[in-house]
Amino acid sequence: MKIDISTKIAGVKFETCVLNASGPLDETLKQLEIIGKSASSGVMMKSCTLESREGNPKPRYADLKYGSINSMGLPNLGYEKYVEFTSILKKKSKKPVIASICGMTAEDNITMFKAFNNTPVDLIEFNPGSPNTIGKPIMGYNTDALDKLLKAVSKVSKKPFGVKLPPYFDLGHYDQVAKVIKKYPVKFVTCINSIGNGLAIDPESEKPLIKPKGGFGGIGGRYVKFHALANVRRFYELFEDKIQVIGVGGVYSGSDAFEFILAGASAVQIGTAFIQQGPQIFEKVQNELRDLMRNKGYTRLSDFRGKLKPLD
Ligand code: DHB
């Protein structure tokens, strides 16, 4: 039985629904080429800013028992490099290439969206605020600010774009955010960014595991899967499948991917597990997902996508 796990995001075809998340190991051309050669179904790039950034002082990432903590501080080569990389990556492989834009100001975002208009980039994931940039709030938690940013970038983008969202925990917040997003031509939302400002402590040294912000950093991996699933589910319901949802947070196995798709995701991204297990994670998750579907008698994602059953 042929098991088809391909998907489309904003009309762009992906051979499988499993790709890398923005953030880990996707900053340099060398790293992006490794992703290009892996089974990741797309090449997602590191969030870029107008100017290149060194990022926060090290150590700024640590593995944890069930995931990770990081406060990278947006280290990246500056958007012009990613504009350049897009053409190189598109020439080398047929996979969709996705740019992640995370400007410090509305003007920066406009400049970067305009620059990618003139590239072969397939999609843009707009990241309105990292949880780790000192002095910069997470824009996804301020609906007025989010509204203004989306208004500005919607005016200039000729590429299909989506929004990377922070996790929400209050049901009322989902309604407020969905209402803003529906005003603009947003094609997808990616849920969730890391859960901001956790603190991991080493009891031996009596110190935090990472240096920036007194040890505060974004939590990813297995710790965040249940909140990621809830965010995917709620936005899938609120958008009635008219705006697609991409799931990210704690995908290590085919079952994890299956659960996200059951909740309504059109694709899943892998972040922490890619750092911890290397590029073979993409093929592993894809194979496990196909096996699981075969056992259940499903041949394509539409057989079960969004069809979470009630307990009744
Ligand atoms: C960084 C972290 C994020 O969660 C994000 O969305 C963007 C950047 C960082 O620290 O580099």
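Just so you know, ligand 1 is whichever comes first in the structure, and atom 1 is the first atom listed for that ligand. Along the sequence shown, residues are numbered consecutively beginning with 1. For the numbers below, each heavy atom of this structure counts, side chains included, while hydrogens, waters and symmetry mates do not.
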Peer 1: Any idea which protein heavy atom is nearest atom 1 (C) of ligand 1, and the distance to it?
Peer 2: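 Result for atom 1 (C) of ligand 1: S130 OG, 3.5 Å.
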Peer 1: For atom 4 (O) of ligand 1, grab the closest protein heavy atom and report residue, atom and distance to one decimal in Å.
Peer 2: N193 OD1, 2.6 Å
Peer 1: For the residue pair I181 and V189, establish whether any side-chain heavy-atom pair is separated by less than 4.5 Å.
Peer 2: yes
Peer 1: Check this for me, if you would: do K296 and D303 make a salt bridge, where the nitrogen-to-carboxylate-oxygen distance has to be below 4.0 angstrom?
Peer 2: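 No, K296 and D303 are not salt-bridged.
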Peer 1: Is the F126-F161 ring centre distance short of 6.0 angstrom?
Peer 2: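 No, they do not, as the ring centres are separated by 6.0 Å or more.
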Peer 1: Working to the nearest 0.5 angstrom, can you tell me the gap between K187 NZ and I243 CD1?
Peer 2: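 CD1 of I243 is found 9.0 Å from NZ of K187.
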Peer 1: Evaluate N127 for polar contact with ligand 1, using N/O atom pairs at a separation under 3.5 Å.
Peer 2: yes
Peer 1: Just to be sure I read this right, does ligand 1 sit under 4.0 Å from the backbone of K46, its side chain, both, or neither, counting only heavy atoms?
Peer 2: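 Within the 4.0 Å criterion, K46 contacts ligand 1 through side-chain atoms alone.
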Peer 1: If you measure every N or O of G73 against every N or O of ligand 1, does any of those distances drop under 3.5 Å?
Peer 2: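 Looking only at distances, the answer is yes, because the N/O contact criterion of under 3.5 Å is met.
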Peer 1: For atom 11 (O) of ligand 1, what's the nearest protein heavy atom and its distance?
Peer 2: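 Here the closest protein heavy atom is L74 N, 2.6 Å.
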Peer 1: For ligand 1, is any non-hydrogen atom under 4.0 Å from N70's backbone (N, CA, C, O), its side chain (CB onward), both, or neither?
Peer 2: side chain
Peer 1: Which is closest to atom 3 (C) of ligand 1 by heavy-atom distance: P131, P24, S47, G218?
Peer 2: P131
Peer 1: Can you sort out the partners of Y223 under ring pair (Phe, Tyr, Trp, His ring centres under 6.0 Å), two or more places apart, ordered by chain and number?
Peer 2: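 Partners of Y223 by the ring pair (Phe, Tyr, Trp, His ring centres under 6.0 Å) criterion, ordered by chain and then number, come out as Y66.
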Peer 1: For Y252, does the six-membered ring have the charged nitrogen or CZ of R222 within the cation-pi criterion, i.e. under 6.0 angstrom from the centroid and within 45° of the normal?
Peer 2: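 Yes.
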Peer 1: Just which atoms of ligand 1 are under 4.0 Å from any heavy atom in N132?
Peer 2: 2 (C), 9 (C), 10 (O)
Peer 1: Any idea which atoms of ligand 1 are less than 4.0 Å away from a heavy-atom of P75?
Peer 2: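 Checking each atom against P75, I get 11 (O).
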Peer 1: N/O to N/O below 3.5 Å, does that happen between C102 and ligand 1?
Peer 2: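 No, there is no polar N/O contact under 3.5 Å.
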Peer 1: Would D122 and K90 pass as an ion pair if we require N to O under 4.0 Å?
Peer 2: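 Yes, this pair counts.
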Peer 1: Can you check whether F85 and Y82 have ring centres sitting under 6.0 Å from each other?
Peer 2: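 Ring-ring flag for F85/Y82: true, centres closer than 6.0 Å.
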Peer 1: Would you mind listing which atoms of ligand 1 come within a distance below 4.0 Å of any non-hydrogen atom of S194?
Peer 2: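 So the atoms of ligand 1 that pass are 4 (O).
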